[in-house]
Amino acid sequence: MLDRAVVDALFPSDLPEPSFWEEQYPPRQLPEGAKVTRLGPSPTGYLHIGGLYVGMIDRDLASQSGGSYILRVEDTDQAREVPGAVDQFNQAFAYFGIEPDEAGSVGAYGPYYQSQREQIYLTYVRELLRQDKAYLCFATKEDLADITARQQATKLPTGYYGRWAIWRDKTAEEVQAALDEGRPYVVRFRSPGKAGERTSFVDAIRGPLEHETNRNDVVILKASDSSPRLPTYHFAHAVDDHLMRVNLVIRAEEWISSVPTHLQLFDALGFERVEYAHIAPLMKQQGGSRRKLSKRKDAEASVAFFIEAGFPAEAVQYYMRGLVNARLAELPLPEALAAPISLAECGVAGPLVDLVKLEDIAADHVATLSGEEIISRVSAWAATYDPELVTVLTSERDAALAALQVERGPEVANPRKDLRKWSDFRTAYGFFFPSLFPLVSDRSDERLGGLSPDLISAFAADFADGYADLEDGQEWFGQIRELAGKHGFAPNPKEYKKNPDAYPGSIKEAAQLIRVALTGSTRSPDLHSVARTLGRDEVLRRVRALVG
């Protein structure tokens with residue numbers, strides 16, 4: 001065991017004692033049963049949808065119990081930090097309406113960046129060294145590689161433990177000699193675990209669990225020649241969860257194997273253990289099997305995917321809440337968003353992320369919104385991702401509102417549901433705006449069904465010359481029916497099918513000429529409604545583009 005003076009000399013002389021930090025971060029005055037939760041994303045890449053998923057649960061459980069939800073940026077791996085990652089976190093939580101109670105400069109238990117908590121960690125590392133619950137390790141990369149190679153050669157578990165922990169039992173004189181030589185070192189936790197021992201604990205989702213006890217002397221403070229002197233995740237999270245008075249940690253099931261290590265650290269530091277809840281991973285269907293949603297393989301693994309596409313936040317929340325607790329998927333959206341999440345109802349099998357189902361939910365939700373609200377939401381999204389669209393919606397607001405009324409509204413039994421996310425707006429409604437609509441003038445365009453250019457030109461010319469902007473839909477369509485007969489089209493698809501050589505097409509193909517001219521698509525809302533919304537002058541402008 002090192003002499004206290006030797007230990008203290010390794011740290012700043014003004015480093016506070018643990019009692020100082022305990023006073024700085026006193027127990028919270030909260031109602032009985034209140035949950036203090038936290039999400040600890042690392043700014044080493046984009047935010048995985050699983051982070052949003054867990055954050056949503058954190059937010060809900062803290063709110064319903066009268067507790068607090070913390071966002072703590074775990075940025076101790078500064079070499080891999082990605083610029084702008086934290087801004088993306090903030091954008092994501094704001095977009096989906098699950099902002100934390102404490103984060104950044106807000107809250108009495110900060111700083112909420114681990115890189116700003118160096119003094120706190122050093123205090124507790126020093127305390128473990130004073131108590132001989134941690135030790136200095138001067139093992140080099142070569143030493144560690146050699147240990148691993150020998151363990152693998154003899155088929156032993158790899159790690160730094162027992163007789164393989166070559167600095168665990170060095171004498172104070174040997175450690176001092178290494179210090180005098182100026183050799184860099186890390187600080188390792190002196191694990192009390194023994195081979196063959198088991199650790200039991202209760203998971204808030206999975207119930208009683210048992211796992212092999214940790215016997216590895218994990219690094220708790222990184223190399224002495226680094227600056228700042230930051231801890232590893234294992235140690236930092238234990239200190240932070242204690243001082244921030246977190247009492248429920250919800251995290252991915254991959255961390256279950258680390259629980260024995262974390263419980264050892266809580267016990268060694270004299271901290272009350274936190275409750276852990278390990279969530280099953282989000283999955284993706286691939287062929288006949290399922291796999292974890294992958295950052296590397298799946299665009300939808302990124303929260304940015306949903307924001308950039310413009311999925312309505314409420315629809316995504318509703319869908320994810322249904323993945324957490326299946327009963328919530330059976331409720332109407334407003335009720336499901338207000339209903340509490342229950343850890344007891346979380347499954348242990350990974351839920352499947354199905355984008356088709358999510359888009360259906362989003363379409364149903366958008367269909368309940370007013371035209372004004374849709375324009376507001378689309379404009380807010382487009383301000384970042386489609387600035388031209390913002391200009392159009394601002395300058396042609398009346399046209400936008402009129403377009404959104406086509407086959408929508410409370411009087412429509414089955415309203416249009418082709419708007420699932422805000423990025424769909426151009427495709428679904430862009431043709432209503434002259435400034436966004438490219439005229440169809442090439443009579444060889446495949447959307448026109450392969451009809452002869454002369455026939456297309458003649459049909460379009462006759463339609464434009466005799467066009468009447470009629471209010472009654474049947475009467476309006478009669479114009480197309482009359483022209484179809486005049487230009488030799490079959491009166492219906494059945495007749496055309498009987499004798500295809502006798503006709504250029506049926507009434508269906510004739511109507512398609514006008515549909516493509518007006519909308520640029522072979523599929524559209526009710527053609528009469530489209531024409532009435534566009535107005536006579538715009539209808540004629542578009543049809544005459546086919547005359548040539």
Practice problem: Go through the steps for K357 and E359 under the test salt bridge (Lys or Arg N to Asp or Glu O under 4.0 Å), then give the verdict. | Solution: CA-CA 5 Å; K357 186 173 182 179; E359 289 200 348; over 6 Å; no
Quick one: does [X]'s side chain have a donor or acceptor within less than 3.5 Å of a partner on [Y]'s backbone?
X	Y	result
N216	V218	no
H242	V239	no
S65	K35	yes
Q151	G159	yes

Decide whether [X] and [Y] meet the rule of one side-chain donor and one side-chain acceptor closer than 3.5 Å.
X	Y	value
Q64	D60	yes
D240	Y121	yes
R150	T154	no
R251	H278	yes
T199	T213	yes
T261	Q264	no
Y112	E102	yes
S115	D75	yes

Quiz item: Does the pair E373 and S376 meet the rule for a side-chain hydrogen bond (donor to acceptor under 3.5 Å, both in side chains), with working shown?
Solution: CA-CA 5 Å; E373 188 167 3; S376 175; over 6 Å; no
Self-check item: Residues R291 and D298 bridged, charged N to O under 4.0 Å
Solution: yes
Quiz prompt | Ion pair E17/R126, N-O distance below 4.0 Å | solution = yes
Which atom names give the shortest non-hydrogen contact between [X] and [Y], and what distance separates them?
X	Y	value
C137	Y160	SG-OH, 3.1 Å
S294	A301	O-CB, 3.4 Å
A315	L358	O-CD1, 3.8 Å
I220	F189	CG2-CB, 3.8 Å

State whether [Y] and [X] meet the cation-pi test: NZ (Lys) or CZ (Arg) under 6.0 Å from the six-membered ring centroid, and within 45° of the perpendicular axis.
X	Y	answer
R117	Y25	yes
K170	Y135	no
R28	Y109	yes

Side chains of [X] and [Y], heavy atoms from C-beta outward: is any pair under 4.5 Å?
X	Y	value
I49	S302	no
I250	L39	no
I70	D58	no
P184	F138	no
D354	Q285	no
E275	N247	no
I256	R206	yes
T394	S379	no

Quiz item: R245 and E272: salt bridge (Lys or Arg N to Asp or Glu O under 4.0 Å), yes or no, with the steps?
Solution: CA-CA 10 Å; R245 309 300 171 174; E272 184 178 347; over 6 Å; no
Quiz prompt | Close aromatic pair by centroid cut-off 6.0 Å: Y385 and W381 | solution = yes
Self-check item: Ring center gap for Y124 and F271 short of 6.0 angstrom
Solution: yes
Quiz item: Who are the side-chain hydrogen bond (donor to acceptor under 3.5 Å, both in side chains) partners of R38, not counting sequence neighbours?
Solution: D241
Exercise. Please list, chain by chain and in numerical order, all residues satisfying side-chain hydrogen bond (donor to acceptor under 3.5 Å, both in side chains) with D143, sequence neighbours excluded.
Key: T140
Self-check item: Criterion salt bridge (Lys or Arg N to Asp or Glu O under 4.0 Å) on E127 and R130, from CA distance to verdict
Solution: CA-CA 5 Å; E127 194 63 20; R130 285 173 174 175; 3.2 Å; yes
Practice problem: Tell me, with the steps shown, if Y233 and D77 meet side-chain hydrogen bond (donor to acceptor under 3.5 Å, both in side chains). | Solution: CA-CA 9 Å; Y233 167 79; D77 190 357; over 6 Å; no
Quiz prompt | Nearest-0.5 Å distance, CD of residue E118 to CD of residue Q116 | solution = 11.5 Å
Self-check item: Inter-residue atom distance E174.CD - L179.CG, 0.5 Å rounding
Solution: 12.0 Å
Practice problem: If a pair satisfies salt bridge (charged side-chain N to carboxylate O under 4.0 Å, His left out) and one of its residues is in residues 194-205, list it, with sequence neighbours excluded. | Solution: R198-E210
Practice problem: Among W422, F311, Y53, Y319, find the one that has a ring-ring contact (aromatic ring centres under 6.0 Å, His included) with F306. | Solution: F311
Exercise. Please assess L389 against L393 for the test side-chain contact (heavy atoms from CB on, under 4.5 Å), listing each intermediate value before the final yes or no.
Key: CA-CA 6 Å; L389 186 56; L393 291 175; 4.0 Å; yes
Exercise. Would you check, one step at a time, whether the test side-chain contact (heavy atoms from CB on, under 4.5 Å) holds for L269 with F235?
Key: CA-CA 10 Å; L269 290 161; F235 188 76; 4.1 Å; yes
